[in-house]
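Step one of this worksheet: look at the structure below.
Not measured: the values here are computed from a predicted model. These numbers come from the heavy atoms of this one structure, side chains and all, not from hydrogens, waters or symmetry mates.
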Amino acid sequence: MKPDYIFESSWEVCNKVGGIYTVLSTRAKTLQDTMPDHLFFIGPDCWGEKQSPFFKQDDALLADWQEQARKEGLNVKVGRWDIPGQPISILVDFKPYFAEKDTIYAKLWEYFQVDSLHAYGDYDEASMFSYAAGLVVESLYNYMKLADKKVIYHANEWMTGLGALYIKHQIPAIGTVFTTHATSIGRSIAGNNKPLYEYLWAYNGDQMAEELNMQSKHSIEKQTAYHVDCFTTVSDITAKECEELIKPVDVVLPNGFEDDFVPKGAKFTAARKAARKEVLRLANALTGCQFDDDTLIIGTSGRYEFRNKGIDVFIEAMNRLNYDSRLNRQVLAFVEVPAWVGEAREDLKERMADKKKVYDTPLNSPVITHLLHNFYEDRVLGMLNNLNMHNSKEDKVKVIFVPCYLNGDDGILNMKYYDTLIAKDITVYPSYYEPWGYTPLESVAFKIPCITTDLAGFGLWANSVKGAYSEIEEGVKTIHRTDYNYDEVADAIKDTVIKYSALAPAEVKKARNAAEKLSKKALWSEFIKYYYEAYDIALRKALDIKD
C-alpha cells in the first residue's frame, strides 16, 4: 500500500545541524517526483524575525489553511524547503506551548506512560516542537478532508516522539512511522566510555537510562517505538542496538543520498585542482613548510564526538604514521570538526591574503586555523600536544585542525565543505559509534577512497555489497573494530595509508573509480524501496484500526 499523503517532521527540517538534514533533504526529491506536493515537511521555527537560509516563505501557499491555523492558535510559516524537489514545508512556532507543558506531559503519562519528570536540557524544547508539529498535522488532515486517504506521519528521532504519540491518540487512521537514527541510550553508553558492543546483550535500556540520567529521553523514545505502527532505524548495527535496548525494529531504512552536487568531467578536475592548491597554500601559511602536489592529503570530519567518531584513533594513527619508515611521501592530515570556535586567526588571515607569497617560518601554534574559547581544554589540541605533534619541519605528517563549520565564510579558507573534500586523496572515519555515516558516503561520491569501521552502518553496508571485508582498492577499507582494539585500529589505518600512498597512478585511478561506483549503489533510487515497505506496514496497521 502506498500513501496518498506523507507528513514528516524533524528538528532538522530547514535547520541544518546534523546528518538527518542530509537524509531528509536528499530524499525529498525522490518522493516529491512520485507524489508532487503531497509531501509536507514540518520543522521548528528557530528563526523568529530572521529569514531561514534554507526556507522560501510563500504566504499564498495554503493561504486559506494558514488563516484557519491562526484562528486555531497555530503560528506557522508556510513555504518551500530550498532543496532539490522544493517540497512544501511548514515551520511552526513552538514557544507558546511551554505555558501548557505540565498539562501536555500529564496527558502523555496518562495515555502512554512517558516519564517526563526527569527532563532537562533540550527535552522540553524538542517536546514542545513535537507537540506543535502534531497539531499542525491534525489541523491539515481535517482541513484537507483526508479521512478517506492513505496518510503517513513520519517522525524522526526521539525529539519528534511526542507528536507521533499525539497523532496516534488523536487520529489513529494515520499510519505512524518512527525512525531512531541513533538510540539515546546507545549513544550515551558509548559517549560515557562504557563498552557498548561486547556487553550489549546484557544491558537493560531502562536501567542504563537511570544510571546515565537519561530517563525522559529514553522513555519518549521507547514508548514511541512501542506505540507507532512501524518502528525503524537506519542500519543493521543500530537495529541490534534497538533490539537490546528498546525493541526490535520493523524495517531498516538505510540512508541514501543524491550525487547531483558532485561536479562532473572537466569541472570535477578543475575543482579538485583549485581546492588542492588552496589547502596546500593554507598549510604553507600555517606551518612555514612547502608542500608539492604529490602531497597525500588526508581528512576526517563530522560532529565533535571525540571517541564516538574516532577522532582520537585518527590522531593516534597519524602520529604513528609520522614515524613509520615505509612512508615515502609528505602527508597533510586535516581534522575538520566544529569546536567551540572563536575568531579566525588574524596572523593566518594576513598570510592567506597574499596569494603569491610562500612562507618559510611557522606561526605560533601551527596546528590550528582559528582561535578557540576553550583553547586549553580542547581534546584535539590536548592530544596533539600530548603526542608532541607540533608540525615541525622534520615531521613527514602534518596535522591541521579546522575547528569551524565549512560554510564558505570561515575567514581563512572561505570554502564550503564539499569544496575542501574534493581536494583529499583519502579520508578516514574510524567510528566507534556511527549508526550510518554520511561522511564516508559523501567521500566515495567524490571518488575519494575512505577508511571506516564495521561499527559504522556504512562500513557494514560496504562489506555487504562485497560479501566480505572491503579493501581500499575497492574504494572503502573497512576495519574490524571492537570495544578494546584501539591500537589495532590505529595500526590498520596507518598501514592502509602507507599502502595507498605507494599505489601506482593506474591503481589509484582504479580505486577512485571503485569508490564512485560504490556510491551509486547508495542513491535514493536504490534505497527508497525500504521506505515504501515501512509505509505499507504502517498503513495496514492503521487501516485495521480504521476499519
(message) I'd like to know if Arg80 and Asp58 make a salt bridge, using a cut-off of under 4.0 Å between side-chain N and carboxylate O.
(response) no

(message) Can you confirm whether the side chains of Glu442 and Tyr418 place a donor and an acceptor under 3.5 Å from each other?
(response) yes

(request) For Tyr105 and Asp124, test the side chains for any donor-to-acceptor distance below 3.5 angstrom and give the result as yes or no. (result) yes

(request) Run the numbers on Tyr197 and Thr482 for side-chain contact (heavy atoms from CB on, under 4.5 Å), then give the verdict. (result) CA-CA 7 Å; Tyr197 302 99; Thr482 70; over 6 Å; no

(request) Before accepting this row, confirm whether a basic side-chain N of the pair Asp536/Arg540 lies closer than 4.0 Å to the acidic partner's carboxylate O. (result) yes

(message) Contact between Thr452 and Pro430 at the side-chain level, heavy atoms closer than 4.5 Å - yes or no?
(response) no

(request) Determine whether the side chains of Gln113 and Tyr226 contain a donor N or O and an acceptor N or O closer than 3.5 Å. (result) no

(message) Between Thr34 and Thr30 (side chain of the first, backbone of the second, donor and acceptor by atom type, cut-off under 3.5 Å), is there such a pair?
(response) yes

(message) Would you say Tyr429 and Thr300 are linked by a side-chain donor-acceptor pair, where the criterion is simply a distance under 3.5 Å?
(response) no

(request) Say whether Gln207 and Glu211, considering side chains only, have a donor N or O and an acceptor N or O under 3.5 Å apart. (result) no

(request) Return yes if some donor-acceptor pair links the side-chain N/O of Thr420 with the main-chain N/O of Tyr417 below 3.5 Å, else return no. (result) yes

(request) Find the distance between CD1 (Ile90) and CD (Gln66) and round it off to the nearest 0.5 Å. (result) 8.5 Å

(request) Please say whether more than 12 non-hydrogen atoms of neighbouring residues, nucleotides or ligands are located less than 6.0 Å from NZ in Lys517. (result) no

(request) Indicate, with yes or no, if the rings of Phe129 and Trp11 have centres closer together than 6.0 Å. (result) yes

(request) For side-chain contact (heavy atoms from CB on, under 4.5 Å), just list the numbers for Lys95 and Met128, CA-CA rounded to whole Å, side-chain angles, deciding distance to a tenth of an Å, and then say yes or no. (result) CA-CA 7 Å; Lys95 291 185 289 295; Met128 293 308 100; over 6 Å; no

(message) Does either side chain, that of Tyr500 or that of Asp425, offer a donor lying less than 3.5 Å from an acceptor on the other one?
(response) no

(message) Side chains of Glu138 and Gln170: any donor to acceptor distance under 3.5 Å?
(response) yes

(message) Can you see whether Ser235 engages Trp461 through a side-chain donor-acceptor pair at a distance of less than 3.5 angstrom?
(response) no

(request) Considering only NZ, NE, NH1 and NH2 on the basic side and carboxylate oxygens on the acidic side, decide whether Lys521 and Glu526 come within less than 4.0 Å. (result) no

(message) Check this for me, if you would: do Asp483 and Lys194 make a salt bridge, where the nitrogen-to-carboxylate-oxygen distance has to be below 4.0 angstrom?
(response) no

(request) May I ask you to check whether Trp524 and Tyr530 place their ring centers less than 6.0 Å from one another? (result) no

(request) Check step by step if ring-ring contact (aromatic ring centres under 6.0 Å, His included) holds for Phe178 and Trp158. (result) CA-CA 9 Å; Phe178 174 52; Trp158 68 265; over 10 Å; no

(request) Determine whether the side chains of Ser10 and Glu157 contain a donor N or O and an acceptor N or O closer than 3.5 Å. (result) no

(request) Working to the nearest 0.5 Å, report the span between CG of Asp229 and CD1 of Ile152. (result) 7.5 Å

(request) Output yes when Arg187 and Glu305 qualify as a salt bridge under the 4.0 Å nitrogen-oxygen rule, no when they do not. (result) yes

(request) Any chance you could lay out the side-chain contact (heavy atoms from CB on, under 4.5 Å) test for Ile42 and Glu8, step after step, and finish with the verdict? (result) CA-CA 6 Å; Ile42 303 155; Glu8 184 160 3; over 6 Å; no

(request) Return yes if some donor-acceptor pair links the side-chain N/O of Asp250 with the main-chain N/O of Phe231 below 3.5 Å, else return no. (result) yes

(request) Report yes if some heavy atom in the side chain of Leu455 is under 4.5 Å from a heavy atom in the side chain of Glu434; otherwise report no. (result) no

(message) Closer than 4.0 angstrom, basic N to acidic O: yes or no for Lys424 and Glu336?
(response) yes

(message) Under the criterion side-chain contact (heavy atoms from CB on, under 4.5 Å), I'd like the reasoning laid out for Phe527 against Arg27: C-alpha separation, chi angles, the key distance, then a yes or no.
(response) CA-CA 9 Å; Phe527 285 168; Arg27 172 166 41 84; over 6 Å; no

(message) I'd like to know if Asp4 and Lys150 make a salt bridge, using a cut-off of under 4.0 Å between side-chain N and carboxylate O.
(response) yes

(message) I'd like to know if the side chain of Arg307 reaches the main chain of Ala190, judged simply by a donor and an acceptor atom lying under 3.5 Å from each other, with no hydrogens or angles considered.
(response) yes

(request) State, yes or no, whether a side-chain contact exists between Phe306 and Val337 at a heavy-atom distance under 4.5 Å. (result) no

(request) Using side chain to side chain contact (heavy atoms under 4.5 Å, CB included) as the criterion, point out the one residue from Phe40, Phe41, Tyr153 that pairs with Ser9. (result) Tyr153

(request) Please examine the side chains of Asp236 and Val252, heavy atoms only from C-beta on, and report whether any two atoms are closer than 4.5 Å. (result) yes

(message) Contact between Leu253 and Thr233 at the side-chain level, heavy atoms closer than 4.5 Å - yes or no?
(response) no

(request) Identify the two heavy atoms, one from Val151 and one from Leu539, that lie closest to each other, and give their separation to 0.1 Å. (result) O-CD2, 3.6 Å

(request) Return yes when atom CD of Glu488 has more than 12 non-hydrogen atoms of other residues, nucleotides or ligands closer than 6.0 Å, and no otherwise. (result) yes

(message) Tell me whether the rings of Phe98 and Phe94 are parallel (<30°), tilted (30 to 60°) or perpendicular (>60°).
(response) tilted

(request) Indicate whether the side chain of Thr26 and that of Glu258 have a donor and an acceptor atom separated by less than 3.5 Å. (result) no

(message) Just by distance, no angles: are the side chains of His480 and Thr453 close enough, under 3.5 Å, to form a donor-acceptor pair?
(response) no

(request) Taking the side chain as every heavy atom from C-beta outward, state whether Cys242 and Thr183 have any pair of such atoms under 4.5 Å apart. (result) yes

(request) Ignoring hydrogens and angles, tell me if any N or O in the side chain of Ser130 forms a donor-acceptor pair with the backbone of Ala126 under 3.5 Å. (result) no

(request) Establish, from distance only, whether the side-chain atoms of Asp454 and Thr478 form a donor-acceptor pair under 3.5 Å. (result) no

(request) Using distance alone, with no hydrogens and no angle criterion, decide if Lys56 and Gln86 have a side-chain donor and acceptor under 3.5 Å apart. (result) yes

(request) Assess the pair His227 and Phe112: is the distance between their ring centroids shorter than 6.0 Å? (result) yes

(message) Looking only at side-chain N and O atoms, does Gln223 offer a donor or acceptor that is under 3.5 Å from a partner on Asp115?
(response) no

(message) Can you tell whether the side chains of Glu473 and Lys510 come within less than 4.0 Å, N to carboxylate O?
(response) no

(message) Would you say the rings of Tyr131 and Tyr166 are close, in the sense that their centroids are separated by under 6.0 Å?
(response) yes

(message) Hydrogens and angles aside, do Tyr123 and Ser116 bring a side-chain donor and acceptor to less than 3.5 Å of each other?
(response) yes

(request) Compare all side-chain heavy atoms of Val76 with those of Leu91 and state whether any distance is below 4.5 angstrom. (result) no

(message) Can you tell me how the ring of Tyr532 sits relative to the ring of Tyr535, calling it parallel under 30°, perpendicular over 60° and tilted otherwise?
(response) perpendicular

(message) Show the nearest heavy-atom pair for residues Gly186 and Leu196, with the distance to one decimal.
(response) O-CD2, 4.0 Å

(message) Looking at Lys145, I want to see if its NZ is surrounded by more than 12 non-hydrogen atoms of other residues, nucleotides or ligands under 6.0 Å.
(response) no

(request) Scan side-chain atoms only and decide if Ser301 and Thr439 contain a donor-acceptor pair under the 3.5 Å cut-off. (result) no

(request) Report yes if the side chains of Cys450 and Val444 come closer than 4.5 Å at any heavy-atom pair, otherwise no. (result) yes

(request) Return yes if some donor-acceptor pair links the side-chain N/O of His218 with the main-chain N/O of Met214 below 3.5 Å, else return no. (result) no

(request) Taking only Lys NZ, Arg NE, NH1 and NH2, and the carboxylate oxygens of Asp or Glu, determine whether Asp206 and Lys222 approach each other closer than 4.0 Å. (result) yes

(message) With a 4.0 Å cut-off on N to O distance, would you call Lys29 and Asp33 a salt bridge?
(response) yes

(message) Using 0.5 Å steps for rounding, measure from the CG atom of Leu31 to the CG atom of Leu24.
(response) 9.5 Å

